[in-house]
There are 4 protein chains.
Amino acid sequence: MDSDVMSNGDDAAVGGIAADRLRSIIERVERLEEERKALAGDIKDIFSEAKSAGFDVKVIRQIIRIRKQEPAEVEEQETLLDIYRRALGM
Amino acid sequence: MDSDVMSNGDDAAVGGIAADRLRSIIERVERLEEERKALAGDIKDIFSEAKSAGFDVKVIRQIIRIRKQEPAEVEEQETLLDIYRRALGM
Amino acid sequence: MDSDVMSNGDDAAVGGIAADRLRSIIERVERLEEERKALAGDIKDIFSEAKSAGFDVKVIRQIIRIRKQEPAEVEEQETLLDIYRRALGM
Amino acid sequence: MDSDVMSNGDDAAVGGIAADRLRSIIERVERLEEERKALAGDIKDIFSEAKSAGFDVKVIRQIIRIRKQEPAEVEEQETLLDIYRRALGM
DNA sequence: AACGGCGACACGTCAC
DNA sequence: GTGACGTGTCGCCGTT
């Protein structure tokens with residue numbers, strides 16, 4: 001029978017191929033995740049260095065966050081914050 | 001044209017209402033967060049007690065975590081079965 | 001000699017007590033965590049309400065965070081941020 | 001006055017050095033984060049491919065998660081054993 | 001008393 | 001638009 005995937009002679013082959021495919025996918029992802037983890041470690045090291053040099057790591061993170069955003073976004077948030085503060089009399 | 005929210009005479013009223021609404025929201029949340037914090041303190045106390053009684057707090061946390069996860073694991077097993085079947089070409 | 005905890009006749013009793021004690025600890029913590037979870041749900045509801053009323057939930061969170069801090073803290077962070085920004089020519 | 005960091009003649013130099021240092025830190029972190037992001041994109045691509053091949057991405061993630069956790073579970077078991085033994089008064 | 005590790009919370013993203 | 005998921009950040013605790 002030529003039914004979709006489950007016909008006799010091809011079962012093993014197709015199944016085997018699928019299993020290999022699955023294994024390949026998983027292993028590639030795991031490899032990439034290891035690299036990601038390594039990079040995370042590198043970043044951590046840099047922040048340690050920064051701290052040793054007397055910088056405030058939390059503020060550095062803020063800077064990086066701000067640099068990542070659209071200036072308009074930042075402005076928007078600050079404006080709303082002001083409005084709410086005024087509304088509360090703060 | 002009386003655009004959406006900021007037209008003259010209603011500013012104060014609308015603003016006032018909005019301010020009250022905002023204040024209410026914030027205060028209710030702050031109240032609930034205090035209660036949450038109090039509960040966190042209670043939990044902490046129990047763990048202190050446990051520690052004093054010679055138990056390993058970290059392991060108790062593990063147990064609690066596991067007891068919480070067990071229902072989820074059931075369906076996880078089901079899906080995993082499916083997976084392995086796929087990997088086998090079934 | 002009656003060594004610390006392991007002497008014969010008391011083993012069961014002591015063990016039983018310890019087990020009860022452990023069970024009690026775990027159940028009390030689980031109970032408190034349920035209450036915490038319930039409160040978290042309440043908070044979530046309030047934010048949903050806030051959103052429906054047209055407020056920006058993220059900014060409301062900022063407000064709450066600021067109200068929770070020492071004014072000096074806020075000032076400190078902002079000052080450092082300014083310094084770093086200047087140092088970077090931002 | 002030879003106060004800590006801000007004395008006259010060195011201000012520019014020290015400030016300049018610190019600014020360079022800060023800039024270096026930030027740029028290196030940003031670079032690494034880009035690499036991380038690129039890897040995340042690669043992983044995403046693989047999952048897209050997997051999905052196109054008919055796999056259930058969510059379940060693949062479960063498998064990867066489990067493969068990652070298994071070593072951890074070993075020591076978890078050990079500690080749990082200890083726990084249960086304690087619960088039994090041993 | 002600062003440091004690192006751990007756990008909880010909040011945010012952004014993505015699929016539905 | 002909503003809900004779930006993964007990721008990043010913050011605070012707490014134990015340690016040195």
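What you see below is based on every heavy atom in this structure, not just the backbone, and it leaves out hydrogens, waters and symmetry mates. All of these numbers come straight from a predicted model, not from anything done at the bench. The chains referred to below are lettered A, B, ... by the order of the sequence lines, with proteins before strands, and numbering in each begins at 1.
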**Request:** Starting from the C-alpha separation in whole Å, work towards a yes-or-no answer on salt bridge (charged side-chain N to carboxylate O under 4.0 Å, His left out) for B:Lys68 and C:Glu30.
**Result:** CA-CA 9 Å; B:Lys68 207 175 292 173; C:Glu30 285 175 341; over 6 Å; no

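Going from atom NZ of D:Lys37 over to atom C1' of F:dG6 covers 15 Å, rounded to whole Å.
Over its length, the helix from E:dA1-F:dT16 to E:dC16-F:dG1 turns its helix axis by 10°, as judged from the five terminal pairs at each end, rounded to 10°.
Tested against C:Ser24, the residues C:Arg21, C:Glu27, C:Arg28 include a single side-chain hydrogen bond (donor to acceptor under 3.5 Å, both in side chains) partner, C:Arg28.
Proximity of residues 40-77 of chain B to DNA chain E (heavy atom under 4.0 angstrom from any strand atom) is restricted to B:Arg65.
Between C:Phe47 and C:Ile60, the shortest heavy-atom contact is CE2-CG2, 3.8 Å. Taking each heavy atom of A:Ala19 and B:Ala87 in turn, the nearest pair found is CB-O, 2.7 Å.
Counting only distance, with no hydrogens or angles, the side chain of A:Tyr84 and the backbone of C:Asp56 share a donor-acceptor pair below 3.5 Å. Judged by distance alone, the side chain of D:Arg86 and the main-chain N or O of B:Gly54 form a donor-acceptor pair under 3.5 Å.
Under the rule for a side chain to side chain contact (heavy atoms under 4.5 Å, CB included), B:Lys37 has no partner lying at least two apart in sequence or in another chain.
In this model, the phosphate group of E:dA8 is not approached by any side-chain N or O of B:Arg36 to a distance below 4.0 Å at OP1 or OP2.
In this structure, D:Arg85 places its CZ atom where only 12 or fewer heavy-atom neighbours from other residues, nucleotides or ligands lie under 6.0 Å away.
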